[in-house]
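Some notes on the structure that comes next.
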2 protein chains.
Amino acid sequence: MTDPKAPSVSALLELDRLVHEPARLAILTVLASAEEVQFKFLEEALGLTRGNLSSHVSKLEEAGYLVVTKAFEDRVPVTSYRITARGRKALESYRAAMLQGLSRGKA
Amino acid sequence: MTDPKAPSVSALLELDRLVHEPARLAILTVLASAEEVQFKFLEEALGLTRGNLSSHVSKLEEAGYLVVTKAFEDRVPVTSYRITARGRKALESYRAAMLQGLSRGKA
DNA sequence: TCCTTTTAGTTTGCGTCGCAAACTAGTCTG
DNA sequence: CAGACTAGTTTGCGACGCAAACTAAAAGGA
């Protein structure tokens with residue numbers, strides 16, 4: 001901790017809001033465990049509507065947390081995502097902060 | 001899990017939004033580790049403005065996650081908070097869901 | 001060929017939320 | 001009594017998440 005007086009719970013107040021949103025946290029978590037993931041897969045795996053998935057993914061893309069690949073497979077358009085190093089780092093930091101804040105440490 | 005196919009990351013999508021807000025999560029976490037906590041203490045410990053602290057606490061109170069006690073100490077008004085059983089349970093559930101979702105389990 | 005359905009995503013509109021700033025109320029000091 | 005301080009609450013606004021509406025391209029029938 002930076003400030004020795006700072007209780008670990010303060011880590012919670014500095015969580016990256018972009019990652020903190022449940023849908024995006026779920027998306028990043030899935031992306032972190034696979035090379036490449038398709039839109040369709042995310043939609044079904046997470047039970048998000050296409051609209052929500054699309055907008056969350058856009059935000060993650062704007063932040064540089066993932067990259068988008070649009071391709072055609074058997075003449076069907078397929079959009080895929082890949083987490084970036086930046087995204088992986090953001091997720092890792094988030095995870096660390098959350099785990100720290102969640103630990104039952106006093107104050 | 002309800003659906004055997006549901007990956008643990010789905011737990012993330014069912015997080016109690018009331019608890020999920022960082023400031024409120026921090027407040028509940030502090031409250032869970034003490035009998036009673038004063039407004040002033042929370043303000044300083046968490047570095048929240050009085051306004052934000054007040055409004056977050058109000059929401060937690062409305063949800064029945066904490067109870068408020070207003071008293072005077074040496075003619076100075078002191079507002080204190082106590083987590084309720086309901087609040088403690090909500091925090092516990094949140095923690096469990098988050099830890100599950102955060103675990104590096106595939107998908 | 002034309003039309004309807006399906007798949008794959010994006011955009012739009014609205015209600016809600018979190019934050020900071022402004023405000024209220026009681027106390028103390030000179 | 002005037003001004004400053006302590007302790008909170010209320011207000012106003014910008015940002016956000018969600019669902020519904022929309023777009024586009026391909027496949028399947030009649």
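Side chains included, hydrogens not; waters and symmetry mates left out as well; all remaining heavy atoms used. Chain naming here is simple, since letters A, B, ... match the order of the sequence lines and numbering starts at 1 in each.
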NE2 of A:H20 versus P of C:dG18: gap in Å, rounded?
-> 10 Å
How many angstroms lie between CZ in B:R24 and CG in B:L66, if you round to the nearest 0.5 Å?
-> 11.0 Å
Please determine, for the side chain of B:F39, which listed nucleotide (C:dC19, C:dT10, D:dG8) has the closest atom?
-> D:dG8
Are B:V37 and B:I27 side-chain neighbours, meaning at least one heavy-atom pair lies under 4.5 Å?
-> no
Sidechain-backbone polar pair: A:R86 side chain, A:A63 backbone, donor-acceptor under 3.5 Å = yes
Quick test: give all pairs of protein nitrogen or oxygen and nucleotides 13-16 of chain C nitrogen or oxygen below 3.5 Å, distance rounded to 0.1 Å.
none

Electrostatic pair B:E92:B:K89 at N-O distance under 4.0 angstrom | no
Rounded distance [0.5 Å steps], NZ in A:K59 versus CZ in A:R17 = 12.5 Å
When you match A:K40 and A:R17 each to their closest nucleotide on DNA chain C, which lands nearer the 5' end?
-> A:K40
Quick one: CD1 on B:I83 to CG on B:L91, what's the gap to the nearest 0.5 Å?
-> 5.5 Å
Point-to-point distance, once rounded to the nearest 0.5 Å, from CG of B:L99 to CE of A:M98 = 9.0 Å
Heavy atoms only: give me the nearest A:S8-A:S103 pair and the separation to one decimal.
-> OG-OG, 4.3 Å
Listed by chain and number, what are the ring-ring contact (aromatic ring centres under 6.0 Å, His included) partners of A:Y94, not counting sequence neighbours?
-> A:H20
Atom-to-atom span, CG of A:L46 to P of C:dG9 - whole angstrom = 15 Å
Grab the CG-C1' distance between B:L13 and D:dG17 for me, whole Å please.
-> 13 Å
Roughly how far, to the nearest 0.5 Å, is CG of A:L18 from OH of A:Y65?
-> 5.5 Å
To the nearest Å, give me how far apart CD (A:E43) and C1' (D:dA19) are.
-> 14 Å
Euclidean distance, atom CD of residue B:E21 to atom P of D:dG17 [Å, nearest integer] | 12 Å
Can you tell me the distance, in whole Å, between the CG atom of B:L42 and the P atom of D:dT9?
-> 12 Å
Go through residues 52-65 of chain B and report each residue with a non-hydrogen atom lying under 4.0 Å from DNA chain D, sorted by number.
-> B:S54
Is there a side-chain polar atom (N or O) of B:T79 under 4.0 Å from OP1 or OP2 of D:dG8?
-> yes
For the residue pair A:D16 and A:A90, what are the closest heavy atoms and their distance?
-> OD2-CB, 4.3 Å
Quick one: do B:E44 and B:K40 make a salt bridge, cutoff under 4.0 Å?
-> yes
d(NZ, A:K70; P, C:dT7) in whole Å | 19 Å
Using five pairs at either end of the helix from C:dT1-D:dA30 to C:dG30-D:dC1, determine the angle between the two local helix axes and round it to 10 degrees.
-> 20°
Contact state string [nucleotides 22-30 of chain C, B base, S sugar-phosphate only, - no protein heavy atom under 4.0 Å] = -----SS--
Which heavy atom in A:T29 sits nearest to a heavy atom in B:G101, and how many Å separate them?
-> CG2-O, 4.0 Å
Counting only side-chain N and O atoms of A:R50, is one of them less than 4.0 Å from OP1 or OP2 of C:dT11?
-> no
Send over the distance from A:L48 CG to D:dC16 P, rounded to a whole Å.
-> 18 Å
Tell me, which pairs form a ring pair (Phe, Tyr, Trp, His ring centres under 6.0 Å) where one or both residues lie in residues 44-64 of chain A, sequence neighbours left out?
-> none
